[in-house]
Amino acid sequence: MSAAIGITPANLAVLKNGRAKAVRFSTLSALCEALCCQPGDILRYDNAPART
């Protein structure tokens, strides 16, 4: 999967585990293309304070 979207396996794990602080639009686009989905299918808004 990481090769299909052009990021390292470590960065894919960061995204998967919810530890990413930001996501590039190009990465989001590649994820959606690989998963045949829309951004709203994989993103959600969380109003909780950031974990430290």
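Side-chain atoms are counted along with the backbone in the values below, which use heavy atoms only and exclude waters and symmetry mates.
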Which atom pairs, donor and acceptor, lie under 3.5 Å between side-chain atoms of residues 1-13 and protein residues at least two apart or in another chain?
{"residue": "T8", "atom": "OG1", "partner": "N11", "partner atom": "N", "Å": "3.1"}
{"residue": "T8", "atom": "OG1", "partner": "N11", "partner atom": "ND2", "Å": "3.4"}

Tell me which donor-acceptor pairs under 3.5 Å the side chains of residues 36-46 have, and how far apart each pair is, sequence neighbours excluded?
{"residue": "D41", "atom": "OD2", "partner": "Q38", "partner atom": "N", "Å": "2.9"}
{"residue": "Y45", "atom": "OH", "partner": "N47", "partner atom": "OD1", "Å": "3.2"}
{"residue": "D46", "atom": "OD1", "partner": "A48", "partner atom": "N", "Å": "3.0"}

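The hydrophobic side chain of F25 is isolated, with no ILVMFWY side chain under 4.5 Å apart from it.
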